[in-house]
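Before any comments, here is the structure.
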Number of protein chains: 4
Amino acid sequence: MSDSEWITELINDTDTTMSEKQRKILEAAIDTFSEKGYAGSSTSEIAKKAGVAEGTIFRHYKTKKDLLLSIVTPTIARFAAPFFIKTFTKEVFENEYEHYEDFLRVIAKNRLEFVRKHFPILKIFIQEIAFHDELREPFQQLFTEHVYQKFKKIIEHFQEKGEIIDLPPETIMRMSASSIIGYILPRFLLFPEKEWDDDKEIDQLVEFILYGLSGKR
Amino acid sequence: MSDSEWITELINDTDTTMSEKQRKILEAAIDTFSEKGYAGSSTSEIAKKAGVAEGTIFRHYKTKKDLLLSIVTPTIARFAAPFFIKTFTKEVFENEYEHYEDFLRVIAKNRLEFVRKHFPILKIFIQEIAFHDELREPFQQLFTEHVYQKFKKIIEHFQEKGEIIDLPPETIMRMSASSIIGYILPRFLLFPEKEWDDDKEIDQLVEFILYGLSGKR
Amino acid sequence: MSDSEWITELINDTDTTMSEKQRKILEAAIDTFSEKGYAGSSTSEIAKKAGVAEGTIFRHYKTKKDLLLSIVTPTIARFAAPFFIKTFTKEVFENEYEHYEDFLRVIAKNRLEFVRKHFPILKIFIQEIAFHDELREPFQQLFTEHVYQKFKKIIEHFQEKGEIIDLPPETIMRMSASSIIGYILPRFLLFPEKEWDDDKEIDQLVEFILYGLSGKR
Amino acid sequence: MSDSEWITELINDTDTTMSEKQRKILEAAIDTFSEKGYAGSSTSEIAKKAGVAEGTIFRHYKTKKDLLLSIVTPTIARFAAPFFIKTFTKEVFENEYEHYEDFLRVIAKNRLEFVRKHFPILKIFIQEIAFHDELREPFQQLFTEHVYQKFKKIIEHFQEKGEIIDLPPETIMRMSASSIIGYILPRFLLFPEKEWDDDKEIDQLVEFILYGLSGKR
DNA sequence: TATGAATGAGCATTCATTCAT
DNA sequence: AATGAATGAATGCTCATTCAT
């Protein structure tokens, strides 16, 4: 399976062939891994929560790590999907987003939406990426080859237009991303129960980034 | 032991009473927890790495979790130390930092220095805080009662002076902090082997935050 | 089913009613048991090797042990077949073999041939007879009631003719058999890849036994 | 540890450093492996029989296979010990044994004695050698480099003296050995409860081999 | 104080067998 | 007849913790 096929397959979320039991197992595993971490979760606990025999887990997933990857891999691929490079012509960016602000706002909103829907899985990913080469390596590659490259082109495009300051693209990227992530983490991880006005917050966030990065000083 | 005694004790780095073996155990545990996570590390592995018998660990630390807390707690307390409220009068802030920029730069530089020295322990903290009430609760308290309160006063002080925009202090705080953390994490966690010019990067960072938060728009 | 019916059925190699799948299962099981031993083989491995579903094995053989017996029993019965007593009159022996040498040579040659054809199954038998009463008991009976009795009569016959020394028949039997087996085991089990000149070796073997057992000393 | 050191260590049966529990574990393991085979024995069963916790087994023997090797290896080495080549001069053989008969009788008697003492372990060896490379390889080497070489020299020595027939030494060896083994196996494995007059049987055995191999025909 | 043998609950995984389809 | 999902007991092994020395 080639790289792009793999991506295509991951993004089209066609888990249509999953049995009832399999779905229950995945749900229980997401729950448990998310709450206690991978190493802190036992397959027997997951089986009990899923209402299946322990052996059933291993009929569907060869190992516990296999179960982890089956949970995390497709979701992360889909999280990164918007950054996939499909075309390299400048026109596309110009058509896609007239201003850096547009790009930022769109990304912030739809990735926030994605996080809202899939936070437990993303949390597992964040927790476990440090400990599993099988997780780190493919996503490091995915990031450097797709996300980073596309993001960079977008930044350079708007730097040429004079919209954003002339710092190294990865610095711009880091500042933009960390601001957004710096909203997402408290929002979902630390104080999820607080009432958040996402739209207003994102507006402030975008404005903060834009002024911070504006060339006019 | 009252709350403040506890804090005092933690900050004064009184590791003077530690035996050679104890120090070796701590070192080995930091190494191991940092590399494999708490649940993924075994006490026997730590004992072997420390060159002591398995039982020796439990002579010094009642349980494995005790060992974790002994590692993480004092370092985190010291990480937060600069934000401790010792005085509540406005004069102090004015003397301490003339501009928000000064405050930001000082904090960024010395907390970065602290991270450089203690990154493995901080990494353990970040990884494990989600899974252990014994970690989360005291530091949530420490944060809301000290760090947050002091940070808020500082922000309000500079908002009154018109230096920074009139958003809710916690929004300001989040934006400031996440920008700095957004530098620290790639810097130490993702690409530690890259060559970083910390001084230049921090200057850019501070500038980014200041412009982003400046009231003049 | 009476004892003699059982024997008759086993000897007539009526595997005619076996389906394709059943044959594949038997083949795979022989392969696997022979290579890893009964307890070291799993039914799932056998199923995979046979290209059938796990359940299919249990449709044909109630249990794993049933499968073992189905493999081993008929082949061992046929291995012992030449020793079955069909008649008890002396004349038969005299007609069958003029000298002990003839008997020895014929037995050695055709049992060697049999071993060549069925070695994997015989190996399973040798390995497993120690652990399964269901194997040991019928074949102990078969041996003491048929093989031993007929062998004994033959030996006594040639002792009367003065061809072989006057030791207890079972001693003669043991010496004859162990010499032959002592060729077969290295030949097939230890060094099967060596080049063996079976005819010459058997000639030497028969001579060795004959001289060893000859009464003229 | 060099080859010869290894041998020396194995032969000197210095299990002096074994704790009570360790001894109990070995005994129970020998019992169980001997009765049910390696694959058919469970560590929990062995632990129960030894009166220790299951974990205790694994403190002394890293794996179940380690336990097997710890049982079998030293005993087999000691079984082969009499065949170790210590000297290569002809004089030694002449002093050691005046006739092939002497050699045969001594070997038969003392190896029989050894088997009597260690039969359960030897049985385990015989059963398991087919399935474990870790067993087969070192003993194949030990056999071809020591036992076979010394045996061959002895045979050639007596062939030169005209005592035994001029067949290939390995044929002589096979016939001698299989005759002896052909006594040992029924003696201990098949009918251990029968009353055996070992001395008389060995005399007959030696005579059988000698006449069988005698050159005078 | 330090040891390391001993524990037994718990772990991920495999097993032979069943049964609805 | 054949499947393969499902089972849950059993497996080899690891774990944090205890305790006699």
Open item on the list: Parallel, tilted or perpendicular: which one describes the rings of His132(C) and Tyr38(C), with boundaries at 30° and 60°?
Closed with: perpendicular

- [ ] Report the distance from atom CD1 of Ile46(A) to atom CG of Leu26(A), rounding to the nearest 0.5 Å.
- [x] 10.0 Å

TODO: Sugar-phosphate atoms are those with a prime plus P, OP1 and OP2; base atoms are the rest. Using that split, label each nucleotide of nucleotides 16-21 of chain F B, S or - for protein heavy atoms under 4.0 Å, 5' to 3'.
DONE: BBB---

Task: Whole-Å distance separating the CD1 atom of Ile57(D) from the P atom of dT14(F) - done: 13 Å

Open item on the list: Using a 3.5 Å distance criterion without hydrogens, assess whether the side chain of Glu134(A) forms a donor-acceptor pair with backbone atoms of Leu69(A).
Closed with: no

Task: More than 12 heavy atoms of other groups within 6.0 Å of Lys62(D) NZ - done: no

Open item on the list: Just the rounded figure in Å: distance from P of dT3(E) to CD of Gln22(B).
Closed with: 13 Å

Task: Pair Glu54(A), Thr43(A): side-chain N/O donor-acceptor within cut-off below 3.5 Å - done: yes

- [ ] Take the protein atom CG of Leu68(A) and the nucleotide atom P of dT13(E), then report the distance between them rounded to whole Å.
- [x] 12 Å

TODO: Using atom CZ of Phe33(C) as one end and atom C1' of dA16(E) as the other, report the distance to the nearest whole Å.
DONE: 12 Å

Task: Main-chain N/O of Ser41(A) paired with Lys64(A) side-chain donor or acceptor, under 3.5 Å - done: yes

- [ ] Could I get the full list of salt bridge (Lys or Arg N to Asp or Glu O under 4.0 Å) partners for Glu20(A), not counting sequence neighbours?
- [x] Arg23(A)

Open item on the list: In this structure, how many angstroms lie between the C1' atom of dC11(E) and the NZ atom of Lys36(A), rounded?
Closed with: 14 Å

TODO: Please report, rounded to the nearest Å, how far the C1' atom of dG12(F) is from the NZ atom of Lys48(D).
DONE: 15 Å

Task: Strand DNA chain F in bracket notation, Watson-Crick/G-U under 3.5 Å with | for pairs to another chain - done: .||||||||||||||||||||

TODO: Compute whether any side-chain donor of one residue and acceptor of the other, for Thr32(B) and Lys49(B), lie under 3.5 angstrom apart.
DONE: yes

Task: Under-4.0 Å side-chain N/O to phosphate OP1/OP2 contact, Thr56(B) with dT3(E) - done: yes

TODO: Could you state the atom-to-atom distance from NZ of Lys24(A) to P of dA5(F) in whole Å?
DONE: 18 Å

Task: Interatomic distance, Ile25(B) CD1 vs dG4(E) P [rounded to whole Å] - done: 13 Å

Task: Lys21(A) vs His60(C), nearer the 5' end of DNA chain F by closest nucleotide - done: His60(C)

Open item on the list: Within the supplied structure, the quantity of interest is the number of heavy atoms (other residues, nucleotides, ligands) at a distance under 6.0 Å from Lys48(A) NZ; does it exceed 12?
Closed with: no

